Visitor: 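Okay, here's the structure, questions in a sec.
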2 protein chains.
Amino acid sequence: MNNDLLSHTIVEFYEKLSSWEMAVVKDAGHSLPQIHAVEILGANGDLRMKELAEKMGITTGTLTVQIDKMEQAGLVARKAHQQDRRSILVGLTEQGQDVYREHDQLHHGLSDQLTAKFSDSERELLLSFFQRMNNEF
Amino acid sequence: MNNDLLSHTIVEFYEKLSSWEMAVVKDAGHSLPQIHAVEILGANGDLRMKELAEKMGITTGTLTVQIDKMEQAGLVARKAHQQDRRSILVGLTEQGQDVYREHDQLHHGLSDQLTAKFSDSERELLLSFFQRMNNEF
DNA sequence: TGCCAATTGTTTGAAAGTCAAAGTATATGG
DNA sequence: CCATATACTTTGACTTTCAAACAATTGGCA
């Protein structure tokens with residue numbers, strides 16, 4: 001089959017998701033890296049600075065600055081790590097969890113919008129396709 | 001069906017694509033906004049500054065700086081617009097087209113990798129799913 | 001035990017990317 | 001022909017980022 005077409009269609013999908021995310025984040029008055037941190041902490045629970053930085057694809061130096069701001073804004077809290085006193089656990093505050101749920105609802109809404117015209121079985125198939133692709137990275 | 005799962009799986013796919021793109025761009029020694037411009041110019045042909053800025057989701061002020069750098073680097077060239085002397089057309093140079101084709105090949109390779117275990121009919125179905133979703137943004 | 005290398009997080013200085021607003025040149029419509 | 005709109009550039013400020021230097025803690029090993 002014409003794989004150029006598939007490749008370009010995936011890129012188009014990615015570009016549109018990206019634009020949507022930037023618009024949604026700006027509209028809610030947040031910054032992209034901070035929402036990214038909220039998304040990851042919301043999905044994974046408390047993480048060490050190192051772990052969070054790795055998942056976000058930034059250095060710990062950069063993360064320190066972001067977490068400083070987010071702590072100021074009341075979105076996250078630093079906590080001592082019981083087993084390793086070098087490490088610091090970062091977790092969402094109540095307010096941070098509100099922001100996470102709110103943002104997650106937007107994702108959910110987009111997902112509904114994109115698959116509104118799909119039948120249930122098509123949606124199941126789409127899910128399995130995404131899962132299979134996610135395993136191949 | 002469980003739409004939370006679909007939503008999260010799509011987000012996971014997006015995150016992995018995003019990480020992949022950043023790694024690939026950095027590895028090739030390019031910057032993300034410049035490769036983004038190359039991708040858009042490669043797919044659309046010559047564009048006015050205004051049009052390119054809109055497609056990239058940045059202001060024309062920001063774009064002016066980027067195009068200055070890219071022109072220095074030999075990736076793009078500014079040309080006069082015949083019908084409107086206020087406008088400036090930006091287009092890829094030969095070298096810019098090389099970069100575009102090279103980057104496009106990487107996308108193609110990823111697309112192959114992700115769907116390596118798909119049958120031809122599954123790949124056709126996946127393509128149609130992406131196309132239908134792209135229409136719903 | 002005691003020391004040295006590795007690890008974790010913070011700080012600092014510099015660079016890139018970005019925007020809003022002001023400025024310049026050109027176009028368009030009365 | 002003039003007023004207003006449009007296209008691009010410039011400027012100043014801010015955010016995000018990294019690399020490198022630093023401080024505290026851990027872990028291995030001699």
Side-chain angles (χ1 to χ4, degrees), chain A residues 15 18-19 21-41 44 46-73 75-91, chain B residues 15 18-19 21-41 44 46-73 75-91:
Chain A
E15 290 276 315
S18 182
S19 297
E21 178 80 4
M22 281 195 290
V24 154
V25 167
K26 180 190 280 186
D27 188 64
H30 294 117
S31 88
L32 210 45
Q34 292 187 15
I35 284 291
H36 197 191
V38 167
E39 285 182 303
I40 292 174
L41 290 173
N44 293 272
D46 294 1
L47 291 176
R48 292 182 304 138
M49 291 291 285
K50 184 88 187 292
E51 296 169 329
L52 179 54
E54 267 167 14
K55 285 182 190 295
M56 290 181 69
I58 60 180
T59 64
T60 57
T62 300
L63 184 58
T64 293
V65 179
Q66 288 298 337
I67 295 297
D68 285 349
K69 290 182 195 167
M70 294 177 72
E71 212 167 15
Q72 284 287 330
L75 294 175
V76 300
R78 284 180 167 94
K79 315 161 195 176
H81 190 293
Q82 298 306 327
Q83 284 74 40
D84 187 343
R85 286 196 294 170
R86 291 170 307 180
S87 291
I88 290 182
L89 283 179
V90 186
Chain B
E15 291 275 316
S18 182
S19 298
E21 177 80 4
M22 281 196 289
V24 153
V25 167
K26 180 190 281 185
D27 189 64
H30 294 118
S31 87
L32 210 46
Q34 290 185 17
I35 284 292
H36 197 191
V38 167
E39 284 181 304
I40 293 175
L41 290 174
N44 293 272
D46 295 0
L47 292 176
R48 293 182 302 139
M49 293 290 287
K50 184 90 187 292
E51 296 170 329
L52 180 54
E54 268 168 13
K55 285 184 190 294
M56 291 181 68
I58 61 179
T59 63
T60 56
T62 300
L63 184 58
T64 292
V65 178
Q66 289 298 338
I67 294 298
D68 285 349
K69 290 182 195 167
M70 295 176 72
E71 213 167 13
Q72 284 288 328
L75 294 175
V76 300
R78 285 178 164 96
K79 314 162 196 176
H81 190 294
Q82 298 308 328
Q83 283 75 41
D84 186 344
R85 285 196 297 167
R86 293 171 307 179
S87 291
I88 289 181
L89 283 180
V90 186

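If you're wondering where the values come from, they're calculated on a predicted model, not measured in any experiment. Reminder, nothing fancy here: chain letters follow the sequence lines and each chain counts from 1.
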Visitor: Using only side-chain N and O atoms of R48(B), determine if any of them is under 4.0 Å from OP1 or OP2 of dA7(D).
Guide: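 Looking at the OP1 and OP2 atoms of dA7(D), one of them is under 4.0 Å from a side-chain N or O of R48(B).
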Visitor: Of all the heavy-atom pairs spanning G91(B) and K79(B), show the shortest one and how long it is.
Guide: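 For G91(B) versus K79(B), the nearest heavy atoms are CA-NZ, 4.1 Å.
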Visitor: What nucleotide, of dG9(C), dC8(D), dG17(C), holds the atom closest to the side chain of K50(A)?
Guide: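 Nearest nucleotide to the side chain: dG9(C).
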Visitor: Among dT10(C), dT16(D), dT9(D), which nucleotide has an atom closest to any side-chain atom of M49(A)?
Guide: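 My answer, after comparing the listed nucleotides, is dT10(C).
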Visitor: Side chain of D84(A) only, please: which of dT26(D), dG9(C), dT17(D) is the nearest?
Guide: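 Nucleotide nearest to D84(A)'s side chain: dT26(D).
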Visitor: For M70(B), run the side chain to side chain contact (heavy atoms under 4.5 Å, CB included) check against V90(B), L75(B), V65(B) and tell me which one passes.
Guide: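 Among V90(B), L75(B), V65(B), the one meeting side chain to side chain contact (heavy atoms under 4.5 Å, CB included) with M70(B) is L75(B).
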Visitor: Mark yes or no for a side-chain to base donor-acceptor pair under 3.5 Å between R86(A) and dT26(D), with no hydrogen or angle criteria applied.
Guide: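 By the distance-only test, no, there is no pair.
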Visitor: Would you say K69(A) reaches dT16(D)'s phosphate, i.e. side-chain N/O to OP1/OP2 under 4.0 Å?
Guide: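 Checking dT16(D) against K69(A), a side-chain N or O does come within under 4.0 Å of OP1 or OP2.
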Visitor: Over all strands shown, is S87(A) touching base, sugar-phosphate only, or nothing at heavy-atom distances under 4.0 angstrom?
Guide: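 Counting heavy atoms under 4.0 Å across all strands, the contact made by S87(A) is with sugar-phosphate only.
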Visitor: With nearest nucleotides of DNA chain C determined for V65(A) and L89(A) from heavy-atom distances, which residue corresponds to the more 5′ nucleotide?
Guide: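 This one resolves to L89(A).
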Visitor: From C-beta outward on T64(A), which listed nucleotide comes closest to its side chain: dT9(D), dG17(C), dT11(C)?
Guide: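 Output: dT11(C).
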Visitor: Can you say whether a donor on the side chain of R85(A) sits under 3.5 Å from an acceptor on the base of dT25(D), or the other way round?
Guide: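 Looking at the base of dT25(D), it does not pair with any donor or acceptor on the side chain of R85(A) (distance under 3.5 Å).
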Visitor: Just N and O in the side chain of T62(A): are any of them under 4.0 Å from OP1 or OP2 of dC18(D)?
Guide: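 Indeed, a polar side-chain atom of T62(A) lies that close.
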Visitor: OP1 or OP2 of dT18(C) sitting under 4.0 Å from any side-chain N/O of T59(B)?
Guide: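 Answer is no, no contact under 4.0 Å.
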Visitor: Nearest nucleotide by nearest heavy atom, which residue falls closer to the 5' end of DNA chain D, G61(A) or T60(B)?
Guide: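 Counting from the 5' end, the first nearest nucleotide belongs to T60(B).
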Visitor: Indicate whether OP1 or OP2 belonging to dT16(D) is found under 4.0 Å from a side-chain N or O atom of S31(A).
Guide: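 Yes, within the criterion.
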